[in-house]
Number of protein chains: 2
Amino acid sequence: MEYTVQKLGKLAGISTRTLRYYDEIGILKPARINSSGYRIYGKKEVDKLQQILFFRELGVSLDNIKNIVTAPSFDGAAALREHREKLLEKRAQLNSLIANVEKTIAVTEGRMKMSDSEKFAGFKQKMIDENEKKYGNEIRDKFGEEAVDQSNAKLMNMTEEEYNAVTKLEQQVKETFALAFATGDPSGELAQKAADFHKKWITFYWNKYSKEAHAGLAQMYVDDERFKAYYDKDQPGTAEFIRDAIRIYTGVKE
Amino acid sequence: MEYTVQKLGKLAGISTRTLRYYDEIGILKPARINSSGYRIYGKKEVDKLQQILFFRELGVSLDNIKNIVTAPSFDGAAALREHREKLLEKRAQLNSLIANVEKTIAVTEGRMKMSDSEKFAGFKQKMIDENEKKYGNEIRDKFGEEAVDQSNAKLMNMTEEEYNAVTKLEQQVKETFALAFATGDPSGELAQKAADFHKKWITFYWNKYSKEAHAGLAQMYVDDERFKAYYDKDQPGTAEFIRDAIRIYTGVKE
DNA sequence: ATACACCTTAACGTAACGTGAAGGTCAATA
DNA sequence: TATTGACCTTCACGTTACGTTAAGGTGTAT
(Lines give C-alpha, C1' and ligand atoms only; values in the text may rest on other atoms or scores of the structure.)
Protein backbone atom coordinates (compact mmCIF):
# COMPACT_ATOMS: atom_id res chain seq x y z
CA MET A 1 0.00 0.00 0.00
CA GLU A 2 1.33 3.39 -0.97
CA TYR A 3 0.34 6.79 0.27
CA THR A 4 0.52 10.37 -0.89
CA VAL A 5 0.80 13.09 1.74
CA GLN A 6 -2.92 13.55 2.14
CA LYS A 7 -3.71 9.88 2.47
CA LEU A 8 -1.01 9.32 5.01
CA GLY A 9 -2.05 12.48 6.81
CA LYS A 10 -5.61 11.29 7.11
CA LEU A 11 -4.52 7.88 8.25
CA ALA A 12 -2.39 9.36 10.99
CA GLY A 13 -4.53 12.38 11.79
CA ILE A 14 -1.93 15.00 10.90
CA SER A 15 -1.70 17.70 8.25
CA THR A 16 0.12 17.50 4.96
CA ARG A 17 2.22 20.45 6.07
CA THR A 18 3.44 18.38 9.00
CA LEU A 19 4.50 15.57 6.69
CA ARG A 20 6.39 18.01 4.46
CA TYR A 21 7.98 19.50 7.52
CA TYR A 22 9.04 16.09 8.76
CA ASP A 23 10.55 15.47 5.37
CA GLU A 24 12.32 18.84 5.52
CA ILE A 25 13.91 18.20 8.89
CA GLY A 26 14.80 14.68 7.84
CA ILE A 27 12.77 12.88 10.45
CA LEU A 28 10.53 11.07 7.96
CA LYS A 29 11.51 10.93 4.31
CA PRO A 30 9.10 9.43 1.76
CA ALA A 31 10.02 6.02 0.34
CA ARG A 32 10.34 7.60 -3.08
CA ILE A 33 9.37 10.56 -5.22
CA ASN A 34 7.26 9.75 -8.26
CA SER A 35 7.72 11.19 -11.72
CA SER A 36 5.55 14.22 -10.88
CA GLY A 37 7.55 15.04 -7.81
CA TYR A 38 4.93 13.67 -5.42
CA ARG A 39 6.00 12.20 -2.10
CA ILE A 40 5.14 8.50 -1.92
CA TYR A 41 5.21 6.73 1.43
CA GLY A 42 5.20 2.99 2.01
CA LYS A 43 4.47 0.63 4.86
CA LYS A 44 7.78 1.21 6.56
CA GLU A 45 7.16 4.93 6.65
CA VAL A 46 3.73 4.43 8.16
CA ASP A 47 5.25 2.46 10.99
CA LYS A 48 7.97 5.00 11.54
CA LEU A 49 5.40 7.77 11.62
CA GLN A 50 3.46 5.88 14.27
CA GLN A 51 6.60 5.77 16.36
CA ILE A 52 7.21 9.47 15.83
CA LEU A 53 3.69 10.37 16.83
CA PHE A 54 3.90 8.14 19.86
CA PHE A 55 6.86 10.08 21.21
CA ARG A 56 5.35 13.36 20.11
CA GLU A 57 2.33 12.57 22.25
CA LEU A 58 4.69 12.22 25.16
CA GLY A 59 5.91 15.74 24.54
CA VAL A 60 9.35 14.76 23.29
CA SER A 61 10.88 17.30 20.89
CA LEU A 62 11.24 16.36 17.24
CA ASP A 63 14.96 16.78 17.59
CA ASN A 64 15.09 14.09 20.24
CA ILE A 65 12.59 11.93 18.43
CA LYS A 66 14.88 12.02 15.46
CA ASN A 67 17.64 10.46 17.51
CA ILE A 68 15.31 7.90 18.99
CA VAL A 69 13.79 6.67 15.75
CA THR A 70 16.70 7.02 13.36
CA ALA A 71 19.68 5.75 15.35
CA PRO A 72 18.90 2.14 16.21
CA SER A 73 21.59 2.12 18.87
CA PHE A 74 20.11 5.15 20.59
CA ASP A 75 18.83 4.45 24.08
CA GLY A 76 15.20 5.43 23.90
CA ALA A 77 14.51 4.56 27.51
CA ALA A 78 17.31 6.80 28.72
CA ALA A 79 16.00 9.62 26.56
CA LEU A 80 12.59 9.14 28.08
CA ARG A 81 13.99 9.20 31.61
CA GLU A 82 15.73 12.46 30.84
CA HIS A 83 12.55 13.76 29.32
CA ARG A 84 10.69 12.78 32.45
CA GLU A 85 13.04 14.88 34.55
CA LYS A 86 12.38 17.89 32.40
CA LEU A 87 8.65 17.38 32.67
CA LEU A 88 8.85 17.09 36.44
CA GLU A 89 10.81 20.31 36.60
CA LYS A 90 8.26 22.00 34.40
CA ARG A 91 5.48 20.81 36.64
CA ALA A 92 7.25 22.11 39.73
CA GLN A 93 7.62 25.49 38.09
CA LEU A 94 4.01 25.42 37.02
CA ASN A 95 2.92 24.58 40.55
CA SER A 96 4.76 27.50 42.06
CA LEU A 97 3.40 29.72 39.30
CA ILE A 98 -0.13 28.66 40.08
CA ALA A 99 0.44 29.18 43.79
CA ASN A 100 1.69 32.69 43.13
CA VAL A 101 -1.15 33.54 40.80
CA GLU A 102 -3.69 32.31 43.30
CA LYS A 103 -2.04 34.25 46.04
CA THR A 104 -2.17 37.40 43.96
CA ILE A 105 -5.81 36.86 43.11
CA ALA A 106 -6.64 36.33 46.75
CA VAL A 107 -4.84 39.50 47.76
CA THR A 108 -6.44 41.66 45.06
CA GLU A 109 -9.83 40.33 45.98
CA GLY A 110 -9.22 41.18 49.58
CA ARG A 111 -9.99 37.65 50.65
CA MET A 112 -6.59 37.39 52.24
CA LYS A 113 -5.15 39.90 54.62
CA MET A 114 -1.53 40.88 54.57
CA SER A 115 -0.93 39.14 57.87
CA ASP A 116 -2.45 35.92 56.70
CA SER A 117 -0.01 33.23 57.64
CA GLU A 118 -0.47 31.22 54.49
CA LYS A 119 0.45 34.13 52.35
CA PHE A 120 3.29 34.78 54.70
CA ALA A 121 4.73 31.36 54.02
CA GLY A 122 4.48 31.95 50.30
CA PHE A 123 6.16 35.29 50.57
CA LYS A 124 9.05 33.92 52.54
CA GLN A 125 9.63 31.38 49.84
CA LYS A 126 9.36 34.02 47.18
CA MET A 127 11.78 36.22 49.05
CA ILE A 128 14.31 33.42 49.18
CA ASP A 129 13.84 32.70 45.53
CA GLU A 130 14.30 36.31 44.60
CA ASN A 131 17.34 36.73 46.77
CA GLU A 132 18.87 33.67 45.25
CA LYS A 133 18.15 34.73 41.73
CA LYS A 134 19.28 38.28 42.13
CA TYR A 135 22.25 38.12 44.39
CA GLY A 136 22.79 34.44 44.97
CA ASN A 137 26.00 34.08 43.03
CA GLU A 138 27.69 37.18 44.38
CA ILE A 139 26.80 36.39 47.95
CA ARG A 140 27.93 32.82 47.51
CA ASP A 141 31.21 34.02 46.07
CA LYS A 142 31.82 36.24 49.02
CA PHE A 143 30.49 34.24 51.92
CA GLY A 144 30.56 30.68 50.74
CA GLU A 145 27.85 28.20 50.02
CA GLU A 146 27.26 27.11 53.54
CA ALA A 147 26.60 30.57 54.91
CA VAL A 148 24.00 31.27 52.26
CA ASP A 149 22.23 27.99 52.82
CA GLN A 150 22.16 28.62 56.53
CA SER A 151 20.84 32.10 55.95
CA ASN A 152 18.06 30.72 53.82
CA ALA A 153 17.32 28.06 56.39
CA LYS A 154 17.09 30.73 59.03
CA LEU A 155 14.69 32.74 56.93
CA MET A 156 12.57 29.67 56.33
CA ASN A 157 12.34 28.93 60.00
CA MET A 158 11.25 32.38 61.02
CA THR A 159 7.92 32.70 62.71
CA GLU A 160 5.44 35.15 61.36
CA GLU A 161 6.26 37.50 64.20
CA GLU A 162 9.94 37.43 63.40
CA TYR A 163 9.14 37.90 59.77
CA ASN A 164 7.12 41.00 60.52
CA ALA A 165 9.94 42.29 62.67
CA VAL A 166 12.54 41.80 59.98
CA THR A 167 10.32 43.39 57.38
CA LYS A 168 9.77 46.41 59.60
CA LEU A 169 13.47 46.57 60.29
CA GLU A 170 14.28 46.53 56.60
CA GLN A 171 11.91 49.43 56.17
CA GLN A 172 13.62 51.33 58.98
CA VAL A 173 17.03 50.70 57.50
CA LYS A 174 15.92 52.16 54.21
CA GLU A 175 14.17 55.16 55.68
CA THR A 176 16.87 56.05 58.14
CA PHE A 177 19.59 55.82 55.53
CA ALA A 178 17.49 58.00 53.22
CA LEU A 179 17.19 60.64 55.92
CA ALA A 180 20.85 60.34 56.84
CA PHE A 181 21.85 60.71 53.22
CA ALA A 182 20.17 64.09 53.21
CA THR A 183 22.48 65.23 56.02
CA GLY A 184 25.48 64.21 53.95
CA ASP A 185 27.40 63.04 57.01
CA PRO A 186 28.07 59.27 57.29
CA SER A 187 29.51 59.74 60.78
CA GLY A 188 26.47 61.67 61.99
CA GLU A 189 23.97 60.41 64.52
CA LEU A 190 21.33 59.47 61.97
CA ALA A 191 23.74 57.55 59.76
CA GLN A 192 25.12 55.62 62.71
CA LYS A 193 21.61 54.81 63.88
CA ALA A 194 20.88 53.51 60.39
CA ALA A 195 24.02 51.39 60.49
CA ASP A 196 22.83 49.93 63.77
CA PHE A 197 19.46 49.08 62.26
CA HIS A 198 21.35 47.51 59.41
CA LYS A 199 23.34 45.36 61.78
CA LYS A 200 20.18 44.19 63.53
CA TRP A 201 18.63 43.49 60.17
CA ILE A 202 21.40 41.27 58.84
CA THR A 203 21.57 39.52 62.19
CA PHE A 204 18.20 38.05 61.30
CA TYR A 205 19.80 36.30 58.35
CA TRP A 206 23.25 35.50 59.60
CA ASN A 207 23.84 33.14 62.42
CA LYS A 208 27.00 34.89 63.50
CA TYR A 209 27.84 38.56 63.28
CA SER A 210 31.29 39.99 62.68
CA LYS A 211 32.40 43.52 61.99
CA GLU A 212 34.45 42.33 59.06
CA ALA A 213 31.59 40.55 57.38
CA HIS A 214 29.37 43.52 57.98
CA ALA A 215 31.87 45.91 56.41
CA GLY A 216 32.42 43.41 53.58
CA LEU A 217 28.75 43.33 52.77
CA ALA A 218 28.67 47.12 52.76
CA GLN A 219 31.59 47.19 50.34
CA MET A 220 29.71 44.80 48.08
CA TYR A 221 26.82 47.24 47.96
CA VAL A 222 29.23 49.49 46.09
CA ASP A 223 31.15 46.90 44.08
CA ASP A 224 28.34 44.83 42.75
CA GLU A 225 26.44 46.71 40.11
CA ARG A 226 23.12 45.22 40.97
CA PHE A 227 23.34 46.01 44.64
CA LYS A 228 24.51 49.48 43.76
CA ALA A 229 21.70 50.02 41.29
CA TYR A 230 19.22 48.89 43.91
CA TYR A 231 20.43 51.23 46.63
CA ASP A 232 21.05 54.11 44.27
CA LYS A 233 17.59 53.87 42.78
CA ASP A 234 16.14 56.94 44.50
CA GLN A 235 19.30 58.81 45.39
CA PRO A 236 22.50 58.16 43.45
CA GLY A 237 25.39 57.89 45.86
CA THR A 238 23.41 56.11 48.54
CA ALA A 239 25.40 52.90 48.20
CA GLU A 240 28.68 54.68 48.91
CA PHE A 241 27.09 56.58 51.76
CA ILE A 242 25.89 53.36 53.35
CA ARG A 243 29.31 51.78 52.98
CA ASP A 244 31.00 54.78 54.55
CA ALA A 245 28.57 54.86 57.44
CA ILE A 246 29.04 51.16 58.11
CA ARG A 247 32.82 51.45 57.90
CA ILE A 248 32.69 54.08 60.57
CA TYR A 249 30.20 52.03 62.57
CA THR A 250 32.28 48.88 62.50
CA GLY A 251 35.61 50.67 62.74
CA VAL A 252 36.89 48.49 59.89
CA LYS A 253 39.17 50.46 57.59
CA GLU A 254 39.46 49.47 53.96
CA MET B 1 16.80 59.80 38.68
CA GLU B 2 17.15 58.95 35.00
CA TYR B 3 18.25 55.75 33.39
CA THR B 4 19.69 54.59 30.10
CA VAL B 5 18.86 51.08 28.94
CA GLN B 6 21.81 49.44 30.62
CA LYS B 7 21.27 51.13 33.96
CA LEU B 8 17.60 50.27 34.03
CA GLY B 9 18.40 46.78 32.86
CA LYS B 10 20.80 46.23 35.72
CA LEU B 11 18.38 47.64 38.22
CA ALA B 12 15.66 45.30 37.08
CA GLY B 13 17.83 42.35 36.18
CA ILE B 14 16.91 42.21 32.51
CA SER B 15 18.82 42.72 29.27
CA THR B 16 18.98 45.87 27.18
CA ARG B 17 17.50 43.89 24.31
CA THR B 18 14.45 43.21 26.43
CA LEU B 19 13.99 46.91 27.09
CA ARG B 20 14.27 47.72 23.41
CA TYR B 21 11.84 44.95 22.65
CA TYR B 22 9.38 46.30 25.21
CA ASP B 23 9.72 49.68 23.55
CA GLU B 24 9.15 48.10 20.17
CA ILE B 25 5.94 46.34 21.16
CA GLY B 26 4.77 49.43 22.99
CA ILE B 27 4.60 47.92 26.43
CA LEU B 28 7.19 50.24 27.97
CA LYS B 29 8.22 53.39 26.14
CA PRO B 30 11.07 55.53 27.48
CA ALA B 31 10.13 58.86 29.06
CA ARG B 32 12.05 60.62 26.35
CA ILE B 33 14.75 60.24 23.71
CA ASN B 34 17.80 62.45 24.17
CA SER B 35 19.62 64.37 21.47
CA SER B 36 21.77 61.36 20.58
CA GLY B 37 18.78 59.10 20.18
CA TYR B 38 19.33 57.33 23.52
CA ARG B 39 16.34 55.99 25.42
CA ILE B 40 15.93 57.77 28.76
CA TYR B 41 13.68 56.25 31.42
CA GLY B 42 12.34 58.01 34.50
CA LYS B 43 10.85 56.97 37.81
CA LYS B 44 7.41 56.29 36.36
CA GLU B 45 8.91 53.90 33.86
CA VAL B 46 10.78 52.06 36.61
CA ASP B 47 7.54 51.46 38.44
CA LYS B 48 5.76 50.34 35.33
CA LEU B 49 8.58 47.94 34.57
CA GLN B 50 8.25 46.47 38.05
CA GLN B 51 4.60 45.82 37.34
CA ILE B 52 5.39 44.26 34.00
CA LEU B 53 7.99 41.98 35.51
CA PHE B 54 5.64 41.03 38.31
CA PHE B 55 3.09 39.72 35.84
CA ARG B 56 5.79 38.22 33.70
CA GLU B 57 6.90 36.18 36.70
CA LEU B 58 3.38 34.87 36.91
CA GLY B 59 3.71 33.61 33.37
CA VAL B 60 1.30 36.11 31.81
CA SER B 61 1.99 36.83 28.14
CA LEU B 62 3.32 40.26 27.22
CA ASP B 63 0.24 40.80 25.12
CA ASN B 64 -1.98 40.41 28.16
CA ILE B 65 0.40 42.35 30.38
CA LYS B 66 0.09 45.20 27.94
CA ASN B 67 -3.64 45.34 28.55
CA ILE B 68 -3.23 45.05 32.27
CA VAL B 69 -0.66 47.81 32.71
CA THR B 70 -1.70 50.25 29.98
CA ALA B 71 -5.48 50.32 30.20
CA PRO B 72 -6.30 51.61 33.69
CA SER B 73 -9.86 50.35 33.39
CA PHE B 74 -8.71 46.85 32.54
CA ASP B 75 -9.65 44.26 35.11
CA GLY B 76 -6.34 42.78 36.18
CA ALA B 77 -7.91 40.38 38.64
CA ALA B 78 -10.19 38.93 35.98
CA ALA B 79 -7.22 38.54 33.64
CA LEU B 80 -5.38 36.69 36.36
CA ARG B 81 -8.30 34.40 37.00
CA GLU B 82 -8.43 33.55 33.33
CA HIS B 83 -4.70 33.04 33.37
CA ARG B 84 -5.09 30.71 36.32
CA GLU B 85 -7.52 28.54 34.36
CA LYS B 86 -5.03 28.22 31.57
CA LEU B 87 -2.29 27.25 33.97
CA LEU B 88 -4.48 24.62 35.61
CA GLU B 89 -5.25 23.16 32.23
CA LYS B 90 -1.58 23.11 31.38
CA ARG B 91 -0.82 21.32 34.61
CA ALA B 92 -3.49 18.71 33.95
CA GLN B 93 -1.97 18.07 30.54
CA LEU B 94 1.47 17.91 32.04
CA ASN B 95 0.30 15.43 34.64
CA SER B 96 -1.13 13.08 32.08
CA LEU B 97 2.01 13.48 30.00
CA ILE B 98 4.17 12.52 32.94
CA ALA B 99 1.95 9.56 33.73
CA ASN B 100 2.26 8.33 30.16
CA VAL B 101 6.00 8.80 30.08
CA GLU B 102 6.41 6.92 33.32
CA LYS B 103 4.20 4.16 32.08
CA THR B 104 6.27 3.87 28.93
CA ILE B 105 9.51 3.81 30.89
CA ALA B 106 8.15 1.14 33.17
CA VAL B 107 7.08 -1.00 30.24
CA THR B 108 10.36 -0.67 28.37
CA GLU B 109 12.26 -1.53 31.50
CA GLY B 110 10.11 -4.58 31.97
CA ARG B 111 9.20 -3.49 35.48
CA MET B 112 5.57 -3.60 34.56
CA LYS B 113 3.89 -6.51 32.90
CA MET B 114 1.28 -6.12 30.26
CA SER B 115 -1.38 -7.43 32.56
CA ASP B 116 -0.51 -5.01 35.30
CA SER B 117 -3.75 -3.46 36.38
CA GLU B 118 -2.35 0.00 36.85
CA LYS B 119 -1.13 0.13 33.31
CA PHE B 120 -4.41 -1.32 32.26
CA ALA B 121 -6.28 1.60 33.76
CA GLY B 122 -3.97 4.03 32.02
CA PHE B 123 -4.38 2.32 28.71
CA LYS B 124 -8.10 2.33 28.98
CA GLN B 125 -8.03 6.05 29.55
CA LYS B 126 -5.66 6.53 26.68
CA MET B 127 -7.86 4.45 24.45
CA ILE B 128 -10.83 6.63 25.28
CA ASP B 129 -8.82 9.76 24.68
CA GLU B 130 -7.64 8.52 21.33
CA ASN B 131 -11.05 7.39 20.27
CA GLU B 132 -12.47 10.74 21.22
CA LYS B 133 -9.78 12.66 19.42
CA LYS B 134 -9.85 10.60 16.26
CA TYR B 135 -13.46 9.74 15.76
CA GLY B 136 -15.27 11.59 18.53
CA ASN B 137 -17.10 14.10 16.40
CA GLU B 138 -18.16 11.73 13.65
CA ILE B 139 -19.44 9.15 16.09
CA ARG B 140 -21.22 11.83 18.07
CA ASP B 141 -22.83 13.11 14.90
CA LYS B 142 -24.09 9.71 13.96
CA PHE B 143 -25.07 8.22 17.29
CA GLY B 144 -25.61 11.20 19.51
CA GLU B 145 -23.82 12.50 22.56
CA GLU B 146 -25.45 10.19 25.02
CA ALA B 147 -24.55 7.01 23.25
CA VAL B 148 -20.90 8.00 23.08
CA ASP B 149 -20.75 8.98 26.71
CA GLN B 150 -22.36 5.71 27.68
CA SER B 151 -19.94 3.84 25.49
CA ASN B 152 -17.03 5.54 27.17
CA ALA B 153 -18.54 4.89 30.57
CA LYS B 154 -18.87 1.24 29.72
CA LEU B 155 -15.25 1.07 28.68
CA MET B 156 -14.17 2.77 31.87
CA ASN B 157 -16.06 0.30 33.99
CA MET B 158 -14.67 -2.76 32.36
CA THR B 159 -12.76 -5.15 34.52
CA GLU B 160 -9.33 -6.18 33.44
CA GLU B 161 -10.71 -9.51 32.36
CA GLU B 162 -13.28 -7.89 30.17
CA TYR B 163 -10.67 -5.58 28.80
CA ASN B 164 -8.47 -8.49 27.84
CA ALA B 165 -11.43 -10.16 26.22
CA VAL B 166 -12.31 -7.12 24.17
CA THR B 167 -8.73 -6.62 23.11
CA LYS B 168 -8.48 -10.21 22.00
CA LEU B 169 -11.77 -9.90 20.19
CA GLU B 170 -10.58 -6.82 18.36
CA GLN B 171 -7.58 -8.79 17.24
CA GLN B 172 -9.77 -11.60 16.01
CA VAL B 173 -11.99 -9.20 14.11
CA LYS B 174 -8.99 -7.79 12.33
CA GLU B 175 -7.39 -11.11 11.54
CA THR B 176 -10.53 -12.83 10.40
CA PHE B 177 -11.49 -9.97 8.13
CA ALA B 178 -7.97 -9.98 6.69
CA LEU B 179 -8.28 -13.70 5.87
CA ALA B 180 -11.78 -13.27 4.55
CA PHE B 181 -10.66 -10.42 2.33
CA ALA B 182 -8.25 -12.81 0.66
CA THR B 183 -11.18 -15.03 -0.34
CA GLY B 184 -12.88 -12.05 -1.94
CA ASP B 185 -16.32 -13.23 -0.91
CA PRO B 186 -18.17 -11.10 1.70
CA SER B 187 -20.92 -13.69 1.94
CA GLY B 188 -18.49 -16.53 2.53
CA GLU B 189 -18.14 -18.43 5.78
CA LEU B 190 -15.00 -16.61 6.91
CA ALA B 191 -16.44 -13.16 6.25
CA GLN B 192 -19.63 -13.96 8.11
CA LYS B 193 -17.63 -15.31 11.03
CA ALA B 194 -15.67 -12.05 11.05
CA ALA B 195 -18.91 -10.08 11.04
CA ASP B 196 -20.05 -12.09 14.01
CA PHE B 197 -16.83 -11.31 15.87
CA HIS B 198 -17.39 -7.69 14.97
CA LYS B 199 -20.88 -7.77 16.45
CA LYS B 200 -19.56 -9.28 19.70
CA TRP B 201 -16.83 -6.68 19.75
CA ILE B 202 -19.06 -3.63 19.45
CA THR B 203 -21.44 -5.14 21.98
CA PHE B 204 -18.71 -4.53 24.52
CA TYR B 205 -19.05 -0.81 23.87
CA TRP B 206 -22.72 -0.41 23.12
CA ASN B 207 -25.37 -1.08 25.67
CA LYS B 208 -27.90 -2.07 23.08
CA TYR B 209 -27.37 -3.82 19.77
CA SER B 210 -29.41 -3.30 16.66
CA LYS B 211 -28.87 -4.52 13.13
CA GLU B 212 -29.45 -1.03 11.82
CA ALA B 213 -26.79 0.57 14.03
CA HIS B 214 -24.38 -2.21 13.18
CA ALA B 215 -24.91 -1.70 9.46
CA GLY B 216 -24.70 2.07 9.96
CA LEU B 217 -21.33 1.76 11.65
CA ALA B 218 -20.12 -0.44 8.82
CA GLN B 219 -21.24 2.16 6.29
CA MET B 220 -19.32 4.79 8.24
CA TYR B 221 -16.17 2.72 7.85
CA VAL B 222 -16.50 3.49 4.15
CA ASP B 223 -17.86 7.04 4.30
CA ASP B 224 -15.54 8.55 6.88
CA GLU B 225 -12.13 9.00 5.38
CA ARG B 226 -10.31 8.35 8.60
CA PHE B 227 -12.07 5.10 9.33
CA LYS B 228 -11.53 4.08 5.74
CA ALA B 229 -7.86 4.95 5.85
CA TYR B 230 -7.50 2.92 9.02
CA TYR B 231 -9.14 -0.22 7.67
CA ASP B 232 -7.58 0.10 4.24
CA LYS B 233 -4.13 0.48 5.68
CA ASP B 234 -2.88 -2.99 4.79
CA GLN B 235 -5.28 -3.95 2.06
CA PRO B 236 -7.09 -1.25 0.13
CA GLY B 237 -10.73 -2.16 -0.26
CA THR B 238 -10.99 -3.73 3.16
CA ALA B 239 -13.42 -1.09 4.40
CA GLU B 240 -15.87 -1.82 1.61
CA PHE B 241 -15.43 -5.52 2.10
CA ILE B 242 -16.26 -5.21 5.79
CA ARG B 243 -19.32 -3.13 5.04
CA ASP B 244 -20.57 -5.64 2.48
CA ALA B 245 -20.01 -8.55 4.83
CA ILE B 246 -21.87 -6.81 7.64
CA ARG B 247 -24.71 -5.83 5.34
CA ILE B 248 -25.16 -9.46 4.45
CA TYR B 249 -24.77 -10.49 8.09
CA THR B 250 -27.39 -8.05 9.35
CA GLY B 251 -29.63 -8.36 6.34
CA VAL B 252 -29.92 -4.61 6.19
CA LYS B 253 -30.00 -3.37 2.62
CA GLU B 254 -28.73 0.10 1.82
C1' DA C 1 44.27 60.84 18.66
C1' DT C 2 42.76 56.88 20.35
C1' DA C 3 40.71 53.56 23.18
C1' DC C 4 36.74 51.99 25.43
C1' DA C 5 32.24 51.80 27.04
C1' DC C 6 28.21 53.13 25.83
C1' DC C 7 24.22 53.78 22.52
C1' DT C 8 21.46 52.95 17.96
C1' DT C 9 18.92 50.10 14.15
C1' DA C 10 18.64 45.91 11.47
C1' DA C 11 18.22 41.25 10.87
C1' DC C 12 18.63 36.33 11.62
C1' DG C 13 17.59 32.30 14.78
C1' DT C 14 14.62 29.75 17.95
C1' DA C 15 9.96 25.11 17.61
C1' DA C 16 6.70 23.15 15.08
C1' DC C 17 4.04 23.90 12.27
C1' DG C 18 -0.58 27.09 10.08
C1' DT C 19 -1.71 29.61 6.33
C1' DG C 20 -1.76 31.49 1.97
C1' DA C 21 0.30 32.23 -2.85
C1' DA C 22 1.72 30.72 -7.32
C1' DG C 23 1.97 27.14 -10.21
C1' DG C 24 2.17 21.96 -11.99
C1' DT C 25 -0.60 17.07 -12.26
C1' DC C 26 -4.37 13.93 -12.77
C1' DA C 27 -8.92 12.06 -13.44
C1' DA C 28 -13.58 12.97 -14.49
C1' DT C 29 -16.88 15.50 -16.94
C1' DA C 30 -19.46 18.80 -20.49
C1' DT D 1 -11.07 18.48 -26.06
C1' DA D 2 -11.28 21.96 -22.92
C1' DT D 3 -12.27 22.65 -18.37
C1' DT D 4 -13.20 21.86 -13.65
C1' DG D 5 -11.77 20.36 -9.16
C1' DA D 6 -8.95 17.90 -6.26
C1' DC D 7 -4.71 16.83 -5.74
C1' DC D 8 0.44 17.89 -5.56
C1' DT D 9 4.76 21.04 -5.38
C1' DT D 10 7.94 24.89 -3.50
C1' DC D 11 8.49 29.20 -1.38
C1' DA D 12 7.81 32.33 2.40
C1' DC D 13 5.73 34.91 6.11
C1' DG D 14 3.67 34.68 11.00
C1' DT D 15 3.67 32.83 15.61
C1' DT D 16 6.65 34.21 21.31
C1' DA D 17 10.03 36.73 23.68
C1' DC D 18 13.76 37.68 23.30
C1' DG D 19 19.56 36.22 22.34
C1' DT D 20 22.98 37.23 19.37
C1' DT D 21 25.94 39.28 16.12
C1' DA D 22 26.89 43.17 12.85
C1' DA D 23 27.67 47.80 11.45
C1' DG D 24 27.98 52.17 12.88
C1' DG D 25 27.31 56.60 15.90
C1' DT D 26 28.33 58.98 20.84
C1' DG D 27 30.80 60.33 25.10
C1' DT D 28 34.59 60.61 27.88
C1' DA D 29 39.08 59.59 29.75
C1' DT D 30 43.74 59.21 28.70
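Each chain gets a letter, A, B and so on, in the order its sequence line appears, and its residues count up from 1. The figures here come from the full heavy-atom set of this structure, side chains too, leaving out hydrogens, waters and symmetry mates.
When the side-chain nitrogen and oxygen atoms of Gln6(B) are compared with OP1 and OP2 of dC7(C), one or more of them lie within a distance under 4.0 Å. Close to dC7(C), at under 4.0 Å from its OP1 or OP2, lies no side-chain N or O of Arg39(B). Taking side-chain N and O atoms only, Thr4(A) has a distance below 4.0 Å to OP1 or OP2 of dC8(D).
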query = Reading nucleotides 17-24 of chain C 5' to 3', which nucleotides get B (base under 4.0 Å from a protein heavy atom), which S (sugar-phosphate only), which -?
reply = BBB----B
Tell me which donor-acceptor pairs under 3.5 Å the side chains of residues 35-46 of chain A have, and how far apart each pair is, sequence neighbours excluded?
unit_1   : atom_1 : unit_2   : atom_2 : d
Arg39(A) : NE     : Asp23(A) : OD2    : 2.8
Glu45(A) : OE1    : Gly42(A) : N      : 2.8

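Tyr3(A) has its OH atom 18 Å from the C1' atom of dC7(D), to the nearest Å. Atom P of nucleotide dC7(D) and atom CD1 of Ile40(A) are separated by 14 Å, given to the nearest angstrom. Rounded to whole Å, atom C1' of dT16(D) lies 10 Å from atom CD1 of Ile25(B). Put simply, CD1 on Ile14(B) is 15 Å from P on dT20(D), counting in whole angstrom units. In this structure, Leu28(B) atom CG and dA17(D) atom C1' are separated by 15 Å, rounded to whole Å. To the nearest angstrom, C1' of dT9(C) lies 10 Å from CD of Glu24(B). If you measure from atom CG of Leu19(A) to atom C1' of dC8(D), you get 13 Å, rounded to the nearest angstrom. If you measure from atom CG of Leu58(B) to atom P of dA17(D), you get 14 Å, rounded to the nearest angstrom.
Contacts classified as salt bridge (charged side-chain N to carboxylate O under 4.0 Å, His left out) and involving residues 87-97 of chain A (residues at least two apart or in different chains) are not found.
Taking the side-chain contact (heavy atoms from CB on, under 4.5 Å) definition, one finds that Arg17(A) meets it with Ser15(A), Tyr21(A), Glu24(A), sequence neighbours left out. Residues forming a ring pair (Phe, Tyr, Trp, His ring centres under 6.0 Å) with Tyr3(A) (at least two apart in sequence, or on another chain): none. Looking at residues two or more places apart in sequence or on another chain, you find a side-chain contact (heavy atoms from CB on, under 4.5 Å) between Ala218(A) and Arg243(A), Ile246(A). Partners of Gln235(B) by side-chain contact (heavy atoms from CB on, under 4.5 Å), not counting sequence neighbours, listed by chain and number: Phe181(B), Thr238(B). Remark: Ala239(A) pairs with Val222(A), Lys228(A), Tyr231(A), Asp232(A) by the side-chain contact (heavy atoms from CB on, under 4.5 Å) rule, at least two apart or across chains.
Between Asp63(A) and Ser36(A), the one whose closest nucleotide on DNA chain C sits nearer the 5' end is Asp63(A).
At distances below 3.5 Å, not a single donor-acceptor pair connects side-chain atoms of His198(B) with backbone N or O atoms of Ile242(B).
Base engagement by Arg20(B) is indicated by at least one non-hydrogen atom pair under 4.0 Å involving a base atom.
The terminal axes of the helix from dA1(C)-dT30(D) to dA30(C)-dT1(D), fitted over 5 pairs per end, subtend an angle of 50° to the nearest 10°.
The shortest side-chain heavy-atom distance between Leu8(A) and Ile14(A) does not fall under the 4.5 Å cut-off.
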